[in-house]
Amino acid sequence: MKNEQPSANESEATAPRHFIRQAIDRDRAAGKNEGRVITRFPPEPNGYLHIGHAKSICLNFGLAQEYGGRCHLRYDDTNPAAEDVEYVDAIEADVRWLGFDWGEHHYFASNYFEQLYTYAEELIENGKAYVCTLSPEVFKDYRGVPTRPGKESPSRNRPVAESLDLLRRMRSGEFADGEYVLRAKIDMASPNLHMRDPVLYRIKRFHHHRTGDQWCIYPMYDFAHCISDAIEGITHSICTLEFEVHRPLYDWILDNISVPCHPQQIEFARLNLSYTVMSKRRLLQLVQEGRVEGWDDPRMPTLCGMRRRGYPPAAIRQFCETIGVTKFDSTTEVELLEHCVRTDLNKHALRRMAVLDPIKVVITNFPDESERMVNAINNPEDEQAGTRPMAFTQEIYIERADFAEEPPPKYFRLAPGKSVRLRYAGFITCESVEKDEATGEIRALHCRWDPPETKVKVKATIHWVSATQSQQAEVRLYQRLFTVADPMEDKEREFTDFLNPDSLRVVEARVEPTLLEAAPGDAFQFERTGYFCADHKLSQPGQPVFNQVVALKA
RNA sequence: UGCCGGAUGGUGUAACGGUAGCACAGCAGACUCUGAAUCUGUUUGUCUAGGUUCAAAUCCUAGUCCGGCAACCA
């Protein structure tokens, strides 16, 4: 399937003026940054991107596009203990797949290590930072708690020259991990814990995926992030709510060093989705415990999972626009995401017939060996998609659920003595039921056939495939990964207790022969059943495996 | 019990002193060679209490409830 780029008016058409757009409008009206809008998407390469990241990606890249600016892709790779190059490539593939392009603007915080270090020395020289010798345990004690102020470190008034010397020796590898840290000199009595002389650099002997063993000291997020933003000339540094309390520190650092500009940090609420979990830690746990088949398992809320599942990127973008941007911590119902997926696929997916749980129907008045070609419409939403021929034969398969021996009230489909229309192929009336004598299981239905021209009044049309011409294909049916809307709600139990044991069901379906030519990623609507997509991992040439993207509405 | 943020139907959002709107979900109906799509109708909402005003979701005061913050993580 083609990955169409998001058009500029894709978001503008329905764009509500959420508070970040309003802030940017105000800045531009006031002539701030000469009206430029430069944003950034700053993932840490320590896990795979999920639908929550998509919200941030669409926001940052979308805003840049909307205002004629640009968005940088920058890795926040300041903690080599957690990060790996494996994730870098995966992140890029996901952002591209979503439809966004960073152009030349591809950066790593680690590219700035030398500059960052220079700013650290500047801070010391200005008396705004010092090297502290407190051990981690004592350090914690000195920090105090939210309701009680902290205590000043004995190192706080260390002479500038001494701190400078110590920092240089930290860098040169003279000390053991954790022996010294560089701290900002702010206010140990601040009600904001992050302002109580926060750590700026720590000694950490870890091989970095980009800088190798060049460094044994690494900057903390708070120090690296704001300066990286300033170096890149970011105008609006958009992040999630939990960084709100970091904003005073973000501003303090930039106010106390000679950076070229001072970006503005703006926080918004991260996405929560019902019937799933969204933290990297828990997603990793599902993978490691083998609860799913990997990060890209189609049941995962990861972008690679959704890609395999067959979610169109345009649907995810539409979803991200629809949910809006606020500072209110909320949970969006997964039904809305599914609605966006169906809306997109309804317009674009070719229709095909596939019988997931086949039961044989023998047409009693149809000549043996003979076949009748019918014309099936490929996509009623798109005339350009044309038609295809389908062979109607003496024996066909229909869905087991489309026959009821004792039909309940309001059951419109096939039953003994009752008629239904076969999609594009006339009508059948059930004359007799052939059962296995031992088990009572229905083996086949014997039906009389009437051509399409016949004037018959039926309430239902069902799908079918030729028994002799259809092919076998593996189809994977998915349900929600969890049985409850909020797997984290019950604090007494593990979220894995709520895993849905039926989240994956594999069936052998009978499909139209042309479906065997489906290429990985091709999406179809199996009529009356749902949307399906050829899996790019499990499919073999000529033998596709289909993932259920989403069912049709009941 | 400290600081920061937040509160509009079941859910997500809009309205920025002037008719509480949209989408999803639900329900009912129309249409239909997909019980889909489409179309129509419809149930349900401004956290509470005061105040300002001709007029308050919106401004003010007090409260209630919810989220975040005490990694040498990001």
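Every value quoted in this text rests on a predicted model; they were computed, and no experiment measured them. So you know, we letter chains A, B, ... as the sequences are listed, proteins then strands, and number each from 1.
Per the geometry, CZ belonging to A:F319 stands 13 Å off P belonging to B:A25, to the nearest Å. One interatomic measurement links the two molecules: CE of A:M188 to C1' of B:A70, which rounds to 11 Å at whole-angstrom precision. Taking atom CE on A:M170 and atom P on B:C72, their separation rounds to 13 Å, with Å as the unit. In this structure, the OH atom of A:Y411 is 11 Å from the C1' atom of B:G35, given to the nearest Å. Taking atom CG on A:N192 and atom P on B:C3, their separation rounds to 12 Å, with Å as the unit. With rounding to whole Å, A:L414 atom CG is found 19 Å from B:C33 atom P. Whole-Å rounding puts the A:L337 CG to B:U11 C1' distance at 14 Å. In this entry the distance linking CD of A:E338 with P of B:A23 reads 19 Å, nearest Å.
For A:H463 against B:A36, no side-chain N or O and base N or O form a donor-acceptor pair under 3.5 Å. Counting atom types as modelled, A:R413 pairs a side-chain N or O with a base atom of B:G35 as donor and acceptor under 3.5 Å. The base of B:G10 is paired with the side chain of A:E333 by a donor and an acceptor separated by under 3.5 Å.
Closest to the side chain of A:T322, from the set B:C72, B:C33, B:A23, is B:A23. Nearest to the side chain of A:P191, among B:C4, B:C33, B:C3, sits B:C3. Side chain of A:N79, nearest nucleotide from B:G12, B:A74, B:A70: B:A74. When distances are taken from the side chain of A:P452 to each of B:C33, B:U34, B:A74, the shortest belongs to B:C33. Side-chain proximity of A:E44 to the nucleotides B:C33, B:A74, B:A36 is greatest for B:A74. Ranking B:C33, B:G67, B:C24 by closeness to the A:D329 side chain, first place goes to B:G67. Each of B:A74, B:U34, B:C24 was ranked by its minimum atom distance to the side chain of A:E335; first place goes to B:C24. Considering only side-chain atoms of A:F412, the nucleotide from B:U34, B:A37, B:G35 that sits closest is B:G35. Relative to the side chain of A:K553, the nucleotides B:G67, B:C72, B:A37 differ in distance, and B:A37 lies closest. Across B:C69, B:G6, B:C72, the shortest atom-to-atom separation from the side chain of A:F328 is found for B:G6.
No contact: A:S274 has no heavy atom under 4.0 Å from any strand. Heavy atoms of A:Q525 sit under 4.0 angstrom from at least one base atom. The residue A:K204 sits close only to the backbone: its heavy atoms come under 4.0 Å of sugar-phosphate atoms, none of a base. Nucleic acid contact class of A:T326 (heavy atoms, under 4.0 Å, all strands): sugar-phosphate only. In this structure, A:P380 reaches the bases: a heavy-atom distance under 4.0 Å links it to at least one base atom across the strands shown. As judged by a 4.0 angstrom heavy-atom cut-off over every strand, A:S135 is placed among the base-contacting residues.
Using a 30° and 60° split on the angle between ring planes, A:H194 and A:H246 fall in the tilted class, from 30° to 60°.
Closest-nucleotide positions on RNA chain B for A:K327 and A:V145 were compared, and the one nearer the 5' end corresponds to A:K327.
For A:R282, the side-chain contact (heavy atoms from CB on, under 4.5 Å) partners two or more places apart in sequence, or in a different chain, are A:V277, A:S279, A:M488, A:F495.
B:U58 and B:G51 have their C1' atoms separated by 15 Å, given to the nearest Å. Taking atom P on both nucleotides, B:C22 is separated from B:U42 by 11 Å, rounded to a whole Å.
Applying the salt bridge (Lys or Arg N to Asp or Glu O under 4.0 Å) test to residues at least two apart or on different chains, the pairs with a partner in residues 186-202 of chain A are A:R156-A:D197.
For the pair A:R388 and A:E512, the salt-bridge criterion is met [side-chain N within less than 4.0 Å of a carboxylate O].
Checking A:Y117 against A:E121 by side-chain atom types alone, a donor-acceptor pair falls below 3.5 Å. Between A:E232 and A:H72, the side chains place a donor N or O and an acceptor N or O closer than 3.5 Å (distance only, hydrogens not considered).
Glycosidic torsion of B:A71 falls within 90° of 0, placing the base in syn.
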Quiz item: What would the secondary structure line of RNA chain B be in dot-bracket form, counting Watson-Crick and G-U wobble pairs under 3.5 Å, with [ ] for pairs that cross earlier ones and | for pairs with another strand?
Solution: .((((((..((((....[..)))).(((((.......)))))....(((((..]....))))))))))).....
